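See below for the structure under consideration.
Please read all numbers here as calculations on a predicted model, not as lab measurements.
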Amino acid sequence: MASVSAPSQTAPSPAAALQRGIVKMVLSGCAIIVRGQPRGGPPPERQINLSNIRAGAMARRAAQAQPDTKDTPDEPWAFQAREFLRKKLIGKEVCFTVEIKTALGREYGMVYLGRDTTGENIAEVLVNEGLATVRREGIRGNNPEQARLCELEDQSKASKKGMWSEGGGAHTIRDMKYTIENPRNFVDSLHQKPINAIIEHVRDGSVVRALLLPDYYLVTVMLSGIKCPTFKREADGTETPEPFAAEAKFFTESRLLQRDVQIILESCPNQIILGTILHPNGNITELLLKEGFARCVDWSMAVYTQGAEKLRAAERSAKERKVRIWKDYVAPTANLDQKDRQFVAKVMQVVNADAMVVKLNSGENKTIHLSSIRPPRIEGEEKNKDKDKRFRPLYDIPYMFEAREFLRKKLIGKKVNVTVDYIRAATGPGEGTPAFAERTCATVTIGGINIAEALVSKGLATVIRYRQDDDQRSSHYDELLAAEARAIKNGKGLHSKKEVPIHRVADISGETQKAKQFLPFLQRAGRSEAVVEYVFSGSRLKLYMPKETCLITFLLAGIECPRSSRNMPGGMQVAEPFSDEAMLFTKELVLQREVEVEVESMDKAGNFIGWLHIEGLNLSVALVENALSKVHFTAERSAYYKTLVSAEEACRLRKEKIWANYEEKPVEEVVHVSEEKERVANYRPVYVTEISDTLHFYAQDVETGGQLESLMETMRAEIAAQPPLEGSYSARRGEYCIAKFADGEWYRARVEKVESPAKVHVFYIDYGNREIVPSTRLAAIPPAFSTRNLPAQATEYAFAFIQIPQDEDARADVVDCIVRDIQNSQCLLNVEYSGVTCPLVTIQFGDTKDDVGLGLVKEGLVMVDVRKEKHLQKMVTEYLNSQESAKSARLNIWRYGDFRADDADEFGYRR
């Protein structure tokens with residue numbers, strides 16, 4: 001700043017009053033700015049110029065708007081004079097008298113260090129040090145202060161102090177650098193080492209102008225990690241302060257302006273130099289946050305070198321105290337009790353790569369979303385690329401499966417610490433955006449590990465970016481950003497340049513043909529590893545088989561679980577008692593856990609039936625032990641039958657849950673009907689190979705089984721020696737041929753229908769199953785293996801004495817039961833009477849000799865078909881008595897009582 005002195009034309013004030021203030025800034029060796037004490041805001045301030053002396057003018061930068069002007073350098077000793085005063089006066093209390101005030105309002109006077117005039121006279125000290133000259137024009141001889149200044153100047157000259165020293169003052173002129181050609185390189189070259197500096201100007205609370213020493217770079221520095229309210233420049237050039245902008249600026253000025261500090265220059269994005277100012281009394285960045293003058297900003301927080309968690313903690317303290325810019329702050333979890341804000345819970349299910357269901361101590365289940373992270377996702381174009389293929393996010397989105405598995409293996413069944421960060425309000429559907437229910441977003445930790453941070457660090461999730469004023473974010477947001485930066489740097493997961501992992505998982509649920517092909521493999525495997533992906537009901541689950549990379553539907557063997565509610569053609573089927581409890585029990589025990597399964601058979605819908613074990617516990621047994629299932633008669637042939645029966649008996653005696661209303665049924669007397677003609681019971685062994693939806697079945701005579709095996713072996717050997725020419729066979733309806741089945745072997749067959757060369761309906765005459773195959777899988781049957789040499793071995797039969805329910809679901813239950821019981825097993829068969837299309841028979845289990853049809857009646861799965869033949873009356877009576885018992889117990893089709901009343905014919909039933 002240019003030197004100033006008192007103009008001679010202005011008369012001095014008659015009696016100058018002594019005033020006090022604190023030195024805010026030293027403009028030059030002869031001008032200072034003094035401020036008052038703050039009262040409810042920034043205090044008033046005034047510039048005082050020292051009377052009767054002149055100091056050198058400080059360097060000035062050329063006006064940017066005037067390209068013709070040039071930078072003005074320091075005058076000799078100007079900077080030294082300014083520095084002398086700065087070190088002596090900044091922040092100190094002074095007293096002063098205003099002797100002259102010009103017409104333009106400029107004030108001149110005497111300044112003393114301290115509260116009264118006994119302190120150092122600043123003008124005299126400067127002159128004595130040779131840092132200012134006395135303005136001798138107009139000196140009055142009767143003025144002792146002026147005389148004293150002249151005397152001190154003479155002594156200084158004699159002592160050759162300061163500007164009076166030999167050699168001139170060229171060495172005192174600074175080489176000022178107002179611009180840096182490459183700021184980023186400049187910042188990087190300092191390697192984040194603290195450098196000495198003087199704060200020359202405070203633009204607002206978080207932006208300062210600093211003079212870097214010793215090279216005299218004048219740079220603008222923005223404090224890393226924070227932002228204070230600013231002064232907005234209007235179109236007319238005026239500045240409008242945001243709330244608390246002036247207070248924040250004063251806070252920084254009063255502590256840093258013209259103080260000696262150290263600055264760590266941390267980064268330089270977009271030509272903006274970010275740094276941290278270190279002062280012996282503390283870190284201004286943290287102080288601004290703590291006092292509510294600033295807020296944290298994410299974009300520069302990452303480069304802050306003094307610990308981002310300290311800044312978040314300081315901001316959190318200001319928010320809790322609701323000071324200054326946070327006076328109207330409402331915490332995202334303000335409406336939650338402490339127990340709802342922080343709690344321990346058990347993880348029951350991983351819903352997605354960023355969400356999980358946890359069980360609270362109260363027993364309630366709650367869905368928790370991990371704060372501030374986004375799971376792997378796929379763009380719209382990729383998602384719609386193959387519209388014919390059903391989109392399965394878990395397997396089709398890259399890294400979604402890996403993310404889910406990471407959480408599942410780490411968390412399922414474990415207790416975790418949950419800290420709720422915010423509640424994301426529900427949103428309605430918008431244009432191109434789906435609707436979201438209310439979300440509880442939290443930080444979840446286990447063993448001190450932040451799960452979201454671990455997920456992000458492995459590149460299995462990304463961090464959500466927020467608006468600066470959006471406070472709904474993770475309480476560990478900076479750690480998440482740092483983890484993501486590491487994952488990007490190391491090319492982990494989503495950030496990898498490698499090919500994305502592809503999961504080809506075959507879903508064979510409900511795919512009967514595929515399931516049929518797959519069944520032998522699972523049966524031979526014994527116990528197979530699986531992961532329970534979904535629980536439909538207490539006894540029906542979806543499993544993922546990791547070794548086979550497929551999904552199957554699995555039904556628990558040996559038990560009858562209460563049915564859940566479901567949609568039926570006639571409306572919603574009401575849930576059976578304790579169905580929800582059974583499903584919850586199964587969910588809590590096995591959902592998303594690693595289990596072992598033993599597959600025994602499959603039903604007509606392609607669902608596998610068997611036993612499921614988790615950590616040595618049989619789930620079927622566990623359900624029966626907890627009185628949530630009954631033992632099904634099909635369990636009789638299993639190794640677990642005794643365990644199941646004893647568990648059921650114990651629950652029945654205690655009258656627990658499904659047995660609460662159980663009463664022992666009195667044994668009904670059976671009325672014996674005298675038979676005029678004896679029924680012939682001539683049971684022969686058969687092997688049941690196929691069961692149809694109409695409950696007709698195909699069986700082979702065991703006696704001729706050896707002939708069939710011999711024929712098949714010879715036929716296949718001949719075909720192997722002389723393979724048929726593919727596509728040479730032209731299929732005709734009714735013809736016998738050979739067909740290649742899914743297992744790659746040839747079997748004898750009959751053509752039933754020809755839709756096209758690609759769709760030929762065939763019936764396998766030795767096994768009773770049907771298939772649609774292309775003609776390329778057919779060939780002419782060698783004459784030596786025709787039906788003349790060995791008749792078709794699969795004979796069709798139907799069950800005697802029973803009616804099949806017309807209801808599709810009820811009929812499906814019967815078929816499933818029969819498939820479980822007798823398909824692919826040896827039984828005993830007796831023809832009772834002839835039917836329209838095939839003989840009607842009774843069939844017994846090969847080992848227990850129990851009547852299969854009678855078992856179905858006892859279970860309430862079918863009704864009795866009353867025959868009038870006298871020789872069959874004993875059998876009919878036994879069946880009817882069993883039906884009455886099932887009806888009294890309201891089993892299965894009798895659960896709603898006897899429905900065969902006036903409208904029985906309407907439903908296709910007859911008495």
Side-chain angles (χ1 to χ4, degrees), residues 558-560 563 603-604 630-637 664-673 675 679 681 683 688 691-697 797-823 825 827-833 835 839-869 871-901 904 907-911:
I559 61 169
E560 184 185 348
R563 294 186 183 186
D603 63 14
K604 292 296 288 183
K630 296 178 181 178
V631 179
H632 195 263
F633 69 87
T634 54
E636 292 174 2
R637 295 182 304 284
E664 289 285 346
K665 299 290 185 296
V667 178
E668 297 182 9
E669 291 184 10
V670 179
V671 179
H672 293 280
V673 180
E675 295 182 348
R679 164 180 169 263
Y683 284 92
V688 179
I691 298 168
S692 73
D693 290 332
T694 58
L695 218 61
H696 286 215
F697 62 93
Y797 300 102
F799 281 90
F801 307 120
I802 65 173
Q803 279 188 69
I804 304 165
Q806 299 300 305
D807 177 80
E808 287 183 6
D809 287 341
R811 187 165 69 244
D813 288 346
V814 182
V815 174
D816 289 350
C817 185
I818 295 299
V819 168
R820 277 201 306 265
D821 291 346
I822 64 173
Q823 186 163 356
S825 65
C827 302
L828 297 172
L829 178 143
N830 184 59
V831 177
E832 301 293 345
Y833 50 90
L840 283 89
V841 300
T842 52
I843 191 164
Q844 296 177 349
F845 293 115
D847 47 2
T848 63
K849 306 296 190 291
D850 290 337
D851 188 332
V852 175
L854 187 61
L856 295 174
V857 175
K858 285 179 179 178
E859 288 294 313
L861 291 168
V862 295
M863 291 171 297
V864 176
D865 181 14
V866 181
R867 302 291 299 182
K868 302 297 183 186
E869 294 91 333
H871 69 284
L872 298 176
Q873 289 311 301
K874 186 177 180 180
M875 287 288 288
V876 171
T877 302
E878 187 179 2
Y879 271 59
L880 285 171
N881 287 335
S882 297
Q883 178 172 281
E884 289 305 310
S885 297
K887 200 189 301 178
S888 301
R890 292 183 176 270
L891 297 177
N892 291 306
I893 63 174
W894 309 110
R895 68 172 72 86
Y896 303 120
D898 194 342
F899 51 84
R900 306 170 303 155
F907 291 101
Y909 297 109
R910 66 183 187 279
R911 284 182 178 275

Exercise. Measure the shortest side-chain to side-chain distance between I893 and M863 over non-hydrogen atoms and say whether it is less than 4.5 angstrom.
Key: yes
Quiz item: Backbone N or O of G846 within a donor-acceptor pair of the K849 side chain at under 3.5 Å?
Solution: yes
Practice problem: Identify the two heavy atoms, one from P805 and one from L861, that lie closest to each other, and give their separation to 0.1 Å. | Solution: CG-O, 3.3 Å
Quiz item: Can you tell me if N830 and E832 form a side-chain donor-acceptor pair at under 3.5 Å?
Solution: yes
Quiz prompt | Any side-chain heavy-atom pair of F697 and Q823 under 4.5 Å | solution = no
Practice problem: Compute whether any side-chain donor of one residue and acceptor of the other, for Y879 and D851, lie under 3.5 angstrom apart. | Solution: yes
Self-check item: Main-chain N/O of E869 paired with Q873 side-chain donor or acceptor, under 3.5 Å
Solution: yes
Quiz prompt | Those residues that, when tested against R820, pass side-chain hydrogen bond (donor to acceptor under 3.5 Å, both in side chains) (two or more places apart) | solution = none
Quiz item: Taking it one step at a time, do I691 and I822 satisfy side chain to side chain contact (heavy atoms under 4.5 Å, CB included)?
Solution: CA-CA 9 Å; I691 298 168; I822 64 173; 3.9 Å; yes
Exercise. Tell me, please, which residues at least two apart from Y683 pass side-chain hydrogen bond (donor to acceptor under 3.5 Å, both in side chains).
Key: R679, T842, Q844
Quiz item: So among I843, V841, L840, I804, which one has a side chain to side chain contact (heavy atoms under 4.5 Å, CB included) with F799?
Solution: I843
Practice problem: Please confirm whether the backbone N or O of C817 pairs with a side-chain atom of D603, one donor and one acceptor, at under 3.5 Å? | Solution: no
Quiz item: In terms of side-chain geometry, is the basic nitrogen of R811 or E808 positioned less than 4.0 Å from the acidic oxygen of its partner?
Solution: no
Quiz item: Can you find a pair of side-chain heavy atoms, one from K604 and one from D693, that are under 4.5 Å apart?
Solution: yes
Practice problem: Step by step, work out the side chain to side chain contact (heavy atoms under 4.5 Å, CB included) result for V864 and I802. | Solution: CA-CA 4 Å; V864 176; I802 65 173; 6.0 Å; no
Exercise. Would you kindly check if the NZ (Lys) or CZ (Arg) of R867 is within the cone defined by 45 degrees around the ring axis of F801 and under 6.0 Å from the six-membered ring centre?
Key: no
